[in-house]
Amino acid sequence: MESQIIEIDVTEWHVAVPNQDWITGLEAGKVLYFPRLPFELLPEERALLRPEIRDPKIRNISLDASGHLKGAVGDTATQLALALMIGRFRAQAQSLVYSLLPKYKNALRLAPTSYRPTQVETRTQSWRADDRRLHVDAFPSRPNHGERILRVFSNINPHGAPRVWRVGEPLKTVAQKFLPRAKQYSPWQASLLKALHVTKSYRSEYDHLMLQLHDGMKRDMSYQENADQVTMPFVAGSIWICFSDQTSHAVMSGQYMLEQTMHLPVEKQYDPAASPLAILSKLTGRQLV
Ligand code: SIN
Ligand code: FE
């Protein structure tokens with residue numbers, strides 16, 4: 001398999017000139033990896049690196065666009081320090097993405113920024129929620145009608161532990177394996193799910209098929225072991241960026257990560273024909289949204 005990782009030796013949160021090979025690679029589902037681009041913690045922020053700072057009832061700590069912090073326990077000073085740290089990461093992640101991908105700049109919609117202090121290895125969850133299995137991101141309650149999920153990750157582990165991912169094969173290959181096994185789409189069921197508020201909006205056939213890929217991959221243990229893949233240790237003090245609805249990924253170990261999600265309309269990509277929507281439409285021969 002052609003390498004799915006593009007390593008970039010940049011040390012600033014802003015690149016001087018956009019690079020077409022990186023853009024094409026990213027839009028083809030590759031991971032842009034910046035091994036020497038640390039998110040710098042202030043000395044007093046080291047105290048925020050402990051798993052108990054997360055409210056156990058909530059999966060991740062997050063900061064929304066209006067500065068509202070969710071999922072953290074602790075006094076006002078702790079909450080403020082968390083909001084400042086996460087907010088600073090958000091600003092740096094935006095600056096990096098805008099300089100790498102200037103065409104996206106005015107089209108991106110920012111999701112809340114998350115801080116994940118939990119150790120990956122000890123998390124227990126159902127197979128469907130288990131991100132230690134290769135998958136592409138697709139969320140049952142949040143249909144996106146083809147809108148892209150771009151994510152910036154930073155490993156801020158203070159003990160030098162890498163965040164270890166597995167990165168799998170290109171989406172077209174995944175889809176060729178799992179589309180034939182996908183359950184048929186039912187517009188009637190999609191209407192019902194929306195009426196019952198199970199989904200936040202109408203689940204299009206695209207959303208249905210993406211969930212079928214997500215579930216099909218995670219459910220199939222032989223695929224998990226035998227699919228083309230590389231193990232990728234993202235070192236402490238690094239950044240990586242990918243379209244997580246396109247890059248087949250699994251997280252195997254690590255602790256302390258910051259993450260920024262940005263949503264992009266398909267038509268604002270450099271090459272909309274590289275998108276999952278275009279790939280799945282072509283393979284099925286149908287308009288999916
Ligand atoms: C995921 O998106 O599957 C999780 C990534 C991570 O926690 O490193
Ligand atoms: Fe994921």
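Note that the coordinates shown come from a computational prediction; the quantities given were computed from them, not determined experimentally. Whatever order the structure lists them in is the order used to number ligands and atoms, beginning at 1.
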May I ask you to list the atoms of ligand 1 that are less than 4.0 angstrom from any heavy atom of Met257? 6 (C), 7 (O), 8 (O)

Check Asp137 and report its N/O/S atom nearest to the Fe ion (ligand 2), by atom name. OD1

Which of Pro143, Pro187, Ser191, Ser186 passes side-chain contact (heavy atoms from CB on, under 4.5 Å) with Arg203? Answer is Pro143

Identify, for atom 7 (O) of ligand 1, the protein heavy atom at the shortest distance, and state residue, atom and that distance. Arg163 NH2, 2.9 Å

Is any side-chain N of the basic residue among Lys30 and Glu2 closer than 4.0 Å to the acidic one's carboxylate O? yes

Among all protein heavy atoms in this structure, tell me which lies nearest to atom 2 (O) of ligand 1, with the distance rounded to 0.1 Å. His249 NE2, 3.3 Å

Close-contact set for ligand 1 against Arg116 heavy atoms, below 4.0 Å: 4 (C), 7 (O)

Please state whether the rings of Trp240 and Trp165 are parallel, tilted or perpendicular, taking 30° and 60° as the class boundaries. perpendicular

Between Tyr223 and Phe178, is the ring centroid distance below 6.0 Å? yes

Is the shortest side-chain N to carboxylate O distance from Asp207 to Lys194 below 4.0 Å? no

Below 4.0 Å, non-hydrogen atoms only: which portion of Glu259 touches ligand 1? Side chain, backbone, both or neither. neither

Residue and atom name of the nearest protein heavy atom (relative to atom 5 (C) of ligand 1), distance in Å to one decimal: Trp165 CZ2, 3.7 Å

Please determine which of Arg133, Arg181, Lys177 meets the salt bridge (Lys or Arg N to Asp or Glu O under 4.0 Å) test together with Asp220. Arg181

